[in-house]
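Step one of this worksheet: look at the structure below.
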Amino acid sequence: DPHTATTAVFYSINNCQVGLRGISFGHFLIKQVAQDLAREMANLKSFSTLSPLPVFAAWLRDAASRGDPVLSDVRETVAPLLEGNAWHDDPGAAKAAEAVLMPLAAHYLTEARDGKGRLLDPVARFHLGNGARLEEINWSADRGARGRAASFGIMVNYAYVLSEVEDNHEAFINDGTVAVSQNVQRLAREAVPSGVPASAS
């Protein structure tokens, strides 16, 4: 009901033309849409996305193959998760996988970077560069074959807090600072074994 809704969720955001790749309109478009919606529906207070992690599973396979120290405590647990998706349908196995994969997803989203120092995840770069805050990581949010293959079914909420968008955008573009909720910060800390720097990956 548009008269009682308090939250707007953006599900699919991308540039519609290949020729616009690399040109960020997202910052302007998302902020404009959020402002327009807020004017039309006075009760809307929260603006968020439900976003994929398109290369999380690929990163985890690479981290496992090169002996990334962030996996030192969970290597034996992670290995069978990379072999197939049958464990998704076993409640006990899925619960055990959640305990391992959620902290690793938080670490990946906040720390894993490429050779140029950029966050590895392209969707995270898009939203954080547009001023969003990495708000929540959701287990078993995409149960489709594609989502399971790419991210073990994990999806992410990026929150657009209009009063923070400009500052978050500037901090990310200028310093690479990731705006992140306390919940995700806590998860990311859980992923790092004692004695291993958070930025090891």
Side-chain angles (χ1 to χ4, degrees), residues 13-15 21-27 30 48-75 77-79 81-82 97-98 100-139 141-142 147 149-161 164-201:
I13 305 168
N14 61 349
N15 281 335
R21 186 171 295 156
I23 302 174
S24 178
F25 293 114
H27 174 59
I30 294 169
S48 180
T49 74
L50 182 59
S51 300
L53 288 79
V55 292
F56 174 52
W59 168 79
L60 190 57
R61 286 188 176 86
D62 178 66
S65 68
R66 59 185 165 80
D68 191 315
V70 79
L71 301 181
S72 59
D73 289 350
V74 294
R75 201 175 313 281
T77 307
V78 166
L81 301 179
L82 299 174
E98 179 182 3
V100 172
L101 292 175
M102 289 287 279
L104 288 172
H107 171 83
Y108 160 76
L109 285 165
T110 57
E111 297 292 342
R113 307 211 173 223
D114 64 17
K116 297 180 180 179
R118 304 178 306 169
L119 285 179
L120 278 177
D121 193 85
V123 178
R125 286 201 307 268
F126 175 83
H127 288 296
L128 295 168
N130 289 330
R133 179 175 65 219
L134 175 52
E135 187 70 16
E136 200 69 55
I137 301 175
N138 305 291
W139 178 253
D142 185 349
S151 66
F152 310 101
I154 298 171
M155 296 187 78
V156 183
N157 298 125
Y158 296 94
Y160 281 83
V161 181
E164 299 176 3
V165 163
E166 294 293 343
D167 289 342
N168 291 347
H169 167 76
E170 292 296 329
F172 184 75
I173 295 301
N174 294 331
D175 306 315
T177 301
V178 175
V180 58
S181 70
Q182 290 184 347
N183 282 344
V184 176
Q185 283 181 326
R186 176 183 52 77
L187 269 177
R189 286 194 296 268
E190 288 178 15
V192 182
S194 58
V196 176
S199 58
S201 295

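Starting from 1, each residue takes its place in the sequence as its number.
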Test your reading of the model: is there a side-chain donor-acceptor pair from R133 to the backbone of V180, 3.5 Å cut-off? no
Looking at residues at least two apart in the chain, or sitting in another chain, which of them share a side chain to side chain contact (heavy atoms under 4.5 Å, CB included) with L50? V9, Y11, N138, M155, N157
Check for a donor-acceptor pair, side chain of D142 on one end and backbone N or O of G153 on the other, with a separation under 3.5 Å. no
Any side-chain heavy atom of R113 within less than 4.5 Å of one from R118? no
Mind listing the closest non-hydrogen atom pair of L109 and A124 along with its distance? CD2-CB, 4.0 Å
Minimum heavy-atom separation for A106 to L187, with atom names? CB-CB, 3.6 Å
Side chains of N130 and V165: does their closest heavy-atom pair fall under 4.5 Å? no
Looking at side-chain heavy atoms only, is the closest gap between I137 and N183 below 4.5 Å? no
Taking every heavy atom of V100 against every heavy atom of V78, the minimum-distance pair comes out as CG1-CG2, 3.7 Å
Any Lys/Arg nitrogen of D62 or R66 sitting under 4.0 Å from an Asp/Glu carboxylate oxygen of the other? yes
Given 3.5 Å as the limit, does a donor-acceptor pair link the side chain of D68 with the main chain of A64, or not? no
Could I get the full list of side chain to side chain contact (heavy atoms under 4.5 Å, CB included) partners for A57, not counting sequence neighbours? R61, F152
What pairs with A79 under side chain to side chain contact (heavy atoms under 4.5 Å, CB included), at least two apart in sequence or on another chain? none
Check: V123 and P54 side chains under 4.5 Å, non-hydrogen atoms: yes
CG-CG distance between L101 and L53, expressed to the nearest 0.5 angstrom: 11.0 Å
Going by heavy atoms in the side chains, are R186 and E190 under 4.5 Å from each other? yes
Just how far is it from atom CD of Q185 to atom CZ of R189, taken to the nearest 0.5 Å? 6.0 Å
Do the ring planes of H127 and Y158 sit parallel (below 30°), tilted (30 to 60°) or perpendicular (above 60°)? parallel
